[in-house]
Amino acid sequence: MEPPTLPTDADVAALHAACLDWYGQNARDLPWRRTYATPWHVMVSEFMLQQTPVVRVLPMYEAWVERWPRPADLAAEPVGEAIRAWGRLGYPRRAMRLHECARAIVERHGGEVPEDRDQLRALPGVGEYTSAAIAAFAYGRRHAVLDTNVRRVLSRAITGNEHPPRTLTRPERVLAERLLPASPPVAARWSVAVMELGALRCSATAPDCDRCPLRTHCAWRRTGYPAHDGPPRRAQAYAGTDRQCRGRLLGVLRDSDGPVAGSELRRAWDDHAQRERALDSLVADGLVEPLDGDGFRLPR
DNA sequence: TACACGTGGAT
DNA sequence: TATCCAAGTGT
């Protein structure tokens, strides 16, 4: 929703001070925030963090950056190795796209992750959020970073709604730009600070307002925590879906060293029509390679 | 603009 | 147990 009015300069300054100060005292020591983390490391972390919690990303991130410390190292591998190494992080197309990114970075950018927002945005799997995050966190560029955490914090603190709109809106972008500090490095720190606040205090289901640095500024708190109004957020069914079937089938491929016979995949999922449909879609997506006879493997 | 796309922990 | 949701992107 559009805020009634944009915050004043004094409001903005107070928000900056409260949030940046809190971050200085409460930031988690995450490996991709260390000074020795390269832009490539930041990129790997951002791909893994798309819809996946930090605690599950941590061990996979460490394994990836150790095995493939530069884009060229991953680009030299078959895509199937990236898919296998993705393990059970979920959404394995991210692994495929990150591998495509590595090859594009080698071919088009001399092996270095680009700094420019538009060049980043042109890479596969890099959208509005991820391009801004890499430019800001890896290179200190000044871009509004609007992930689900930032959107929720701004929705509550400024707009007064428990939840942001279902999809990112123009007013949200205007507000985020209004709040972005003028100095590029400070803007980047502000963005990661608001994200951290959304993750550690202003969480979706259990906000810890008593320990929130914005508690004296927060519009949602000031108005008595009005419940979310608007359409209920659609639950995502999973059991019995094509997604579950795809995950099961890919898991068999991932856990096998070589090719897998059709008979083995048949044992992994009973519903014949659904299994065939899922397999076709995995092949169409490039996540699975059909062999000439009867068999499948991770793509080379 | 909705919907598809994995997985597992929390409530 | 069922539902929610976690640093989104592509179509």
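To find a chain, count down the sequence lines: A is the first, B the second, and so on, and within it residues start at 1.
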**Asked** Of the candidate nucleotides dG10(C), dC5(B), dG8(B), which contains the atom at the shortest distance from the side chain of R97(A)?
**Response** dG10(C)
**Message:** In whole Å, I'd like the distance from the OH atom of Y91(A) to the P atom of dC5(C).
**Reply:** 14 Å
**Request:** Identify whether any heavy atom of F47(A) sits under 4.0 Å from a base atom; if not, whether one sits that close to sugar-phosphate; answer base, sugar-phosphate or nothing.
**Result:** nothing
**Complete:** Looking only at dG6(B), dA7(C), dC5(C), the nucleotide nearest the R243(A) side chain is dG6(B)
**Spacing between L89(A) atom CG and dC5(B) atom C1', to the nearest angstrom** = 14 Å
**Item:** Contact summary for R152(A) and E162(A), nearest pair of heavy atoms
**Value:** CG-O, 4.1 Å
**Message:** So, does R93(A) get its side chain near the phosphate of dT9(C), meaning an N or O under 4.0 Å from OP1 or OP2?
**Reply:** no
**Message:** Under 4.0 Å, counting only non-hydrogen atoms across every strand here, what does R28(A) touch: a base, just sugar-phosphate, or nothing?
**Reply:** base
**Request:** Would you classify V150(A) as touching base, sugar-phosphate or nothing, given that sugar-phosphate means primed atoms plus P, OP1 and OP2, and contacts are heavy atoms under 4.0 Å?
**Result:** nothing
**Request:** Can you see which heavy atom on A278(A) is nearest to which on R246(A), and at what distance?
**Result:** CB-CG, 3.8 Å
**Prompt:** Please give, in whole Å, the distance from dG8(B) P to R88(A) CZ?
**Reply:** 4 Å
**Complete:** Comparing T130(A) with T52(A), nearest DNA chain C nucleotide closer to 5' gives the residue T52(A)
**Request:** Let me know the distance between CD of E128(A) and P of dT1(B), rounded to the nearest Å.
**Result:** 13 Å
**Message:** Which heavy atom of G240(A) sits nearest to which heavy atom of Q274(A), and what is that distance?
**Reply:** O-NE2, 2.9 Å
**Prompt:** NA contact type, G90(A), heavy-atom cut-off 4.0 Å: base, sugar-phosphate, or nothing?
**Reply:** base
**Message:** Counting only side-chain heavy atoms from C-beta out, which of dC5(B), dA6(C), dA7(C) sits nearest to L30(A)?
**Reply:** dA7(C)
**Asked** Taking the side chain of T205(A) as its heavy atoms from C-beta onward, which of dC5(C), dG8(C), dA6(C) lies nearest to it?
**Response** dC5(C)
**Message:** Suppose we call a contact any N or O donor and acceptor under 3.5 Å apart; does that hold for the side chain of R56(A) and the base of dT7(B)?
**Reply:** yes
**Message:** Could you see if V44(A) belongs to whatever hydrophobic cluster contains V79(A)? Use Ile, Leu, Val, Met, Phe, Trp, Tyr and a side-chain cutoff under 4.5 Å.
**Reply:** no
**Prompt:** P92(A) side chain: which of dA6(C), dT9(C), dG6(B) is closest?
**Reply:** dG6(B)
**Item:** Y238(A) vs dT7(B): side-chain N/O to OP1/OP2 distance below 4.0 Å
**Value:** yes
**Item:** R94(A) CZ to dG10(C) P, straight-line distance once rounded to whole Å
**Value:** 13 Å
**Request:** With P as the reference atom in both, quote the distance from dC3(B) to dC4(C) in angstrom, rounded to an integer.
**Result:** 15 Å
**Request:** Identify which nucleotide among dG6(B), dC5(C), dC5(B) has an atom closest to any side-chain atom of A204(A), counting heavy atoms from C-beta outward.
**Result:** dC5(C)
**Asked** What integer distance in Å separates M48(A):CE from dT9(C):P?
**Response** 16 Å
**Asked** What is the minimum heavy-atom distance between R201(A) and R211(A), and which atoms define it?
**Response** NE-O, 3.0 Å
**Fill in**
Between CZ of R173(A) and C1' of dG8(C) the distance, given in whole Å, is 13 Å
**Distance test, side-chain N/O of Q50(A) to OP1/OP2 of dA7(C), below 4.0 Å** = no
**Pair R84(A) + E77(A), salt bridge at N-O below 4.0 Å** = no
**Message:** Tell me whether the side-chain N/O atoms of R246(A) come closer than 4.0 Å to OP1 or OP2 in dG6(B).
**Reply:** yes
**Prompt:** Ignoring hydrogens and angles, are the base of dG8(C) and the side chain of T148(A) linked by a donor-acceptor pair under 3.5 Å?
**Reply:** no
**Request:** Using a heavy-atom cut-off of under 4.0 Å over every strand shown, decide if Q244(A) touches base, sugar-phosphate, or nothing.
**Result:** nothing
**Asked** L168(A) has an atom CG; how far is it from atom C1' of dA2(B), in whole Å?
**Response** 15 Å
**Message:** By the definition ring-ring contact (aromatic ring centres under 6.0 Å, His included), identify the one residue from Y23(A), W190(A), W22(A) that meets it with H16(A).
**Reply:** W190(A)
**Prompt:** So what does R33(A) touch, heavy atoms closer than 4.0 Å: a base, only the sugar-phosphate, or nothing?
**Reply:** base
**Message:** For a quick check of understanding: with a heavy-atom distance under 4.0 Å over all strands, which category does W32(A) fall into, base, sugar-phosphate or nothing?
**Reply:** base
**Inter-nucleotide P distance (dA7(C), dA4(B)), Å rounded** = 23 Å
**Request:** Report the residue (T241(A) or V55(A)) whose heavy-atom-nearest nucleotide on DNA chain B is the more 5′ of the two.
**Result:** T241(A)
